[in-house]
Each structure stands twice: as C-alpha cells, then as structure tokens.
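Throughout, protein chains are lettered first and strands after them, A, B, ... in sequence-line order, and every chain is numbered starting at 1. Remember, it's a predicted structure, so these values are computed and weren't measured experimentally.
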There are 2 protein chains.
Amino acid sequence: MSGPRFEPVRAVRAYERVVEQVEEAIESGVLSPGERLPSERELMVQFSVSRSTVREALRVLQARGLVQSRPGDPNGAEVLPFTPAALHKSMTTLARVEELSLAELVQFRMVLDSAAILLAARLRTDEQLAEMAAAVARMRAALELGEDAFSAADVAFHEAVARAGGNKLIQICTDVVRSIVVRLIAEKLAGARDRDALMRQSIRHHEEVIAAIRLGDGPLAARLSRKAMYDYYAGYVPAAERGVLRALLD
Amino acid sequence: MSGPRFEPVRAVRAYERVVEQVEEAIESGVLSPGERLPSERELMVQFSVSRSTVREALRVLQARGLVQSRPGDPNGAEVLPFTPAALHKSMTTLARVEELSLAELVQFRMVLDSAAILLAARLRTDEQLAEMAAAVARMRAALELGEDAFSAADVAFHEAVARAGGNKLIQICTDVVRSIVVRLIAEKLAGARDRDALMRQSIRHHEEVIAAIRLGDGPLAARLSRKAMYDYYAGYVPAAERGVLRALLD
DNA sequence: CTAGTGCACTGGTCGGACCAGTAGGCTACG
DNA sequence: CGTAGCCTACTGGTCCGACCAGTGCACTAG
C-alpha cells in the first residue's frame with residue numbers, strides 16, 4: 001500500500017457548521033416540527049458568529065425545507081415537518097436542465113405506480129380498499145363537476161394506493177413526479193384533446209385496477225395500471241418516444 | 001360563483017427574486033455549466049440590492065447545487081453542471097426524518113432496478129451488453145481484490161444497465177438510493193456477515209440476469225434482479241420487514 | 001370588560017469594513 | 001533574454017451597526 005493518504009482539508013465555512021449543527025438537531029429529533037429556533041440575534045450569541053452568518057445558514061436550512069421564518073414573528077424560525085418540497089424542487093430542476101422528456105417522466109410514473117399497486121394488492125386492508133373505491137366513485141361523480149374535481153379524485157386514488165402499498169419513498173416520489181407531469185402537460189398542451197372521452201376511459205381503467213386489487217392479483221393490477229397510464233398519457237407524448245413506454249407493457 | 005378570489009400577496013423577499021432570476025437564466029440555458037456569474041459586488045449593482053442580499057441568494061443557489069463559489073477566485077461563482085447532489089441531500093434527509101426503513105429503501109431499489117433491467121433487455125445495444133458483461137467480469141476478478149473493487153464493479157454494472165434502459169430519472173434515482181443504502185449498511189452492520197459467499201452468489205445472480213438480457217427476456221431479467229437484490233440485502237433487513245420485500249418476488 | 005394603543009421584539013435589508021486567499025502582471029535578478 | 005519572486009487588485013467570507021416594516025402582547029383608556 002501507499003503511504004497515509006491525506007484528505008485535502010476543505011475550508012469549512014462558518015455558516016456551514018451552523019447548518020450542520022441545526023440540521024443534526026432536527027434530524028436526530030432534538031428539535032421537532034413545530035418547535036422554534038432561537039431568534040437570529042440569540043443564535044449569533046450561541047454560535048459566536050455574526051448575524052450575516054446566521055442568516056446565510058438559515059437560508060440554506062430554509063432551501064432544504066427544514067425551517068421557515070416569517071418577518072415579525074416574535075418567536076424564531078419554525079422547524080417544519082418534512083415536506084417533499086425540496087425533493088420536488090431538485091427533481092423539477094433535474095427535469096429542466098437535464099431535459100427530461102415527458103416520456104421519461106411518464107415512464108417513471110408507470111414503474112412506480114404499478115409497483116405501488118402491486119404492493120397494495122398484496123398488503124391492503126379492507127378499509128384502504130374502500131378508500132380507493134370511494135376515490136374512483138368521486139372521479140365518476142366529477143364528470144359533471146369539471147376537471148379540477150376529477151384530477152383531485154384521481155390524485156386521492158393514487159395516494160390511497162400508495163399508502164396501502166406501505167412504501168413512503170414510492171409514495172413521495174410518485175407524488176412529486178405526478179405534479180411535474182401535470183404541470184408540464186398543463187402548460188404545454190392546454191386541453192387540446194378530447195378530455196371527456198379520456199376521463200371516461202380513465203375511470204373504466206381505474207375500476208379494472210381496483211377489481212384486480214380486490215382479488216389480490218398484484219401482477220394483473222400492476223399490468224392494468226401501466227396500460228391505463230399509457231393510454232392516458234400516450235397522446236401527449238411524441239409518437240417517436242412512445243416506443244419506450246410500450247416497452248413497459250406486456 | 002363567489003366574487004373575484006384574490007390571492008394573498010405573499011411578501012416576496014428581495015433575495016428570492018435574485019434567486020429566481022439567476023435560476024431562470026441557468027435553467028433556460030442562458031448560463032451554461034462552467035460559465036461564471038459576475039462577482040458579488042457586481043451582482044449587487046446589477047440587482048440594486050446589498051451584498052448581504054446577493055450572498056443569501058447565492059447560498060440558496062448553492063444549496064440547490066446550481067452554483068459554487070470559491071474564496072479568492074478572481075471570477076465569480078461557477079455555474080455547475082447538474083448533479084444529483086441536491087436530490088441526494090433531500091432524499092437522505094427524507095430517510096432520516098421520515099425514518100425510512102432499510103426495507104423501504106431496498107424495496108425502492110428492487111422496483112427501479114428491475115424496471116431499468118426490463119427496459120435494458122428490450123432496448124440495449126450490443127455494445128451496452130458488452131459493457132455489462134465486462135462489469136460482471138470485473139466483479140469476478142475483484143473477488144481477489146477486496147470489497148471496494150467488488151462494489152465498484154457492481155455499481156458499474158448497474159449504471160451500464162440504467163444507461164441502456166435509457167431513462168435518466170430512473171438512472172439518477174437508483175444511484176441516489178443505492179448510495180444511501182450502502183452507507184446505511186456500512187455504518188450499521190460493518191461486515192458482520194459472510195461477505196465472500198455473498199459476493200459469489202451475487203456474481204452468479206448477475207450472470208443470470210445478463211443471460212436473460214442477452215436473450216431479450218425482460219420480464220425474466222427483471223424477476224431475477226429482484227430476487228438477486230432480495231437475497232443480497234434480506235440478511236440486513238429485520239426479519240419482520242422481509243415480508244414487504246417478498247411481496248415483490250413472484 | 002373591551003377596544004385601542006404603544007412597546008419590545010422579530011426578520012429583512014442596507015452599507016461599510018476588514019481579512020485571507022488567489023491570479024496575473026511587473027520587477028529584479030540570474 | 002528568461003525566469004523566479006513579489007505586488008497589487010481583485011475575489012469571497014465574516015463581522016458590525018443601523019434602520020425599517022411587520023407582529024404579538026401587555027397595558028391603558030373608555
């Protein structure tokens with residue numbers, strides 16, 4: 001072996017150590033969501049740094065979604081419960097700078113959603129099944145109420161499925177990617193297609209999926225869900241890229 | 001309907017608008033990776049804000065992985081190529097504060113990795129297949145060289161597969177989650193198990209997967225990969241949670 | 001007892017100052 | 001003439017002091 005390998009000592013900036021300490025306190029549970037940090041002026045005493053440094057640290061923590069501050073608040077910054085907001089932000093950035101195609105995003109949803117459905121089919125309780133059924137019923141009712149109600153019910157269905165599947169990571173990622181997909185479609189192709197027929201078809205597909213979940217047939221439910229998502233989104237995807245989506249259909 | 005619904009005007013802070021502008025410039029391609037931002041003192045003139053405000057904005061941009069600055073650099077902050085670092089950070093946070101279990105993380109990998117393998121089986125070129133085979137060959141050679149070389153080759157295999165699958169989002173997410181899983185295992189259960197047997201078994205599994213990819217049998221390859229990952233990681237997962245992993249095996 | 005008014009805080013922003021570092025031009029030496 | 005070394009003009013990192021617009025709460029006047 002070679003001699004002792006020294007790591008380059010990266011100059012660790014003051015605000016970074018403030019971030020580390022607060023982060024550690026939050027992630028280890030010393031600080032719980034809803035609790036308050038001391039005020040900036042108090043923090044600068046505790047950390048022996050200037051207020052500028054404290055503020056830069058707070059900005060970083062805020063960008064990571066760990067705390068939030070509000071001007072005039074007599075208490076300090078509030079420790080937030082975890083939200084996927086930071087995850088969402090970085091995925092959105094990813095989608096823009098890496099130029100993720102709609103096809104890739106939809107494909108990602110097909111994979112995760114069908115996995116959640118497969119898990120749900122095997123692990124769901126009767127109560128969770130009822131939730132899913134209720135959501136689909138709301139989708140049907142929303143045919144009269146307009147698209148917002150429809151997609152709200154659709155989201156509720158997929159969230160119920162993801163919850164039943166029991167994997168929080170899958171749940172959060174599908175949620176993040178769904179919102180990105182929805183926004184992409186909304187801003188690029190506002191209502192160009194036959195929404196009504198699409199909604200009716202989507203409801204039929206959801207009902208088929210639920211039936212498969214009810215029977216506990218995970219693979220069937222997963223396959224149906226992939227097909228459903230393909231049928232729903234394929235029209236928005238350039239024809240040249242649909243092939244990679246079909247690669248997920250059996 | 002009710003009267004016109006006014007949205008509450010959220011007080012938009014100065015540094016936020018600086019962030020927005022720079023972010024927009026980067027994401028829209030006006031600023032490309034490698035290019036430099038003006039210096040802080042120059043930015044405070046352009047944006048008509050104080051240096052504190054500029055610096056807070058830069059901290060946020062840095063936390064999002066978009067820019068990086070180095071003291072003494074005669075140029076301003078450097079625009080970075082996208083790295084999943086921010087994604088990684090928020091997922092790691094997620095894993096800590098939401099207390100994601102190892103089982104959930106492994107399950108997530110089983111889902112995404114098998115999806116990548118299924119896609120690779122259908123879309124791969126001969127060249128990409130050769131890359132995967134070479135990586136497995138390196139894994140076998142690494143039996144003599146130690147664990148680091150082994151896992152490096154393993155990573156190379158999965159990266160080759162993910163590339164062949166063609167979905168960058170799957171590629172990045174598997175990568176991020178893999179590193180989290182590896183770190184979790186490394187710090188919690190350092191080498192407690194029979195590594196040698198595990199490595200040999202893993203190589204066999206990888207070879208089976210490659211064979212299935214070579215034949216173009218995506219579903220088989222995917223199934224094998226889930227089984228392989230289960231066998232590899234199940235020993236680290238508490239027995240009570242293995243059930244949810246088995247739910248993904250057929 | 002309540003409605004209104006200050007006051008004592010908060011975070012947001014500003015301007016100026018100093019330091020340690022870097023790069024590149026300039027000078028002085030070989 | 002070439003090069004080694006210094007010098008200067010920048011950079012980002014940190015600190016300080018100040019002011020403003022908000023907020024919550026206690027106190028007061030009705």
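One atom, CG of B:L43, and another, P of C:dG15, lie 15 Å apart when rounded to the nearest Å. Summarising the geometry, the separation between CZ on B:R17 and C1' on C:dT13 is reported as 12 Å, rounded to the nearest angstrom. Here the P atom of nucleotide C:dC9 and the CZ atom of A:R70 are 18 Å apart, to the nearest Å.
In terms of position on DNA chain D, the residue among A:G72 and A:A14 whose nearest nucleotide sits closer to the 5' end is A:A14. With DNA chain C read from its 5' end, the first of the two nearest nucleotides for B:D73 and A:S69 is the one closest to A:S69. Projected onto DNA chain D by closest heavy-atom contact, B:E42 and A:S48 fall at different nucleotides, the more 5' of which corresponds to B:E42.
For A:F157, the ring-ring contact (aromatic ring centres under 6.0 Å, His included) partners at least two apart in sequence or on another chain are A:H206.
Looking only at side-chain heavy atoms (C-beta outward), A:T53 and A:M44 stay at 4.5 Å or farther from each other. The side-chain heavy atoms of B:I26 and B:V67, taken from C-beta on, include a pair separated by under 4.5 Å.
Applying the salt bridge (Lys or Arg N to Asp or Glu O under 4.0 Å) rule to pairs touching residues 157-166 of chain A yields A:E131-A:R163, sequence neighbours excluded. Among residues at least two apart or in separate chains, there is no ring-ring contact (aromatic ring centres under 6.0 Å, His included) pair with a member in residues 28-64 of chain B.
For the atom pair B:I117 CD1 and B:M132 CE, the distance stands at 8.5 Å (nearest 0.5 Å).
With hydrogens and angles left out, the side-chain atoms of B:H88 and B:S179 include a donor and acceptor closer than 3.5 Å. No hydrogens or angles considered: a donor-acceptor pair under 3.5 Å links the side chains of A:T125 and A:Q128.
Residues B:E56 and B:R13 are not paired through a salt bridge, judged by the lack of any N-O separation under 4.0 Å between the basic side chain and the carboxylate.
Of the residues A:E98, A:E99, A:R96, the one that meets the side-chain contact (heavy atoms from CB on, under 4.5 Å) test with B:F82 is A:E98.
Each end of the helix from C:dC1-D:dG30 to C:dG30-D:dC1 gets its own axis, taken as the rotation carrying the C1' atoms of four end pairs onto the next four within a five-pair window, and the two axes meet at 20° to the nearest 10 degrees.
For residues 51-66 of chain A, proximity to DNA chain D is found at A:R51, A:S52, A:T53, defined as any non-hydrogen atom under 4.0 angstrom from a strand atom.
At distances below 3.5 Å, not a single donor-acceptor pair connects side-chain atoms of A:S151 with backbone N or O atoms of A:D154.
Close approach of DNA chain D to chain B, defined as any atom under 4.0 Å from a non-hydrogen atom of the protein, starts and stops at D:dT11 to D:dT14.
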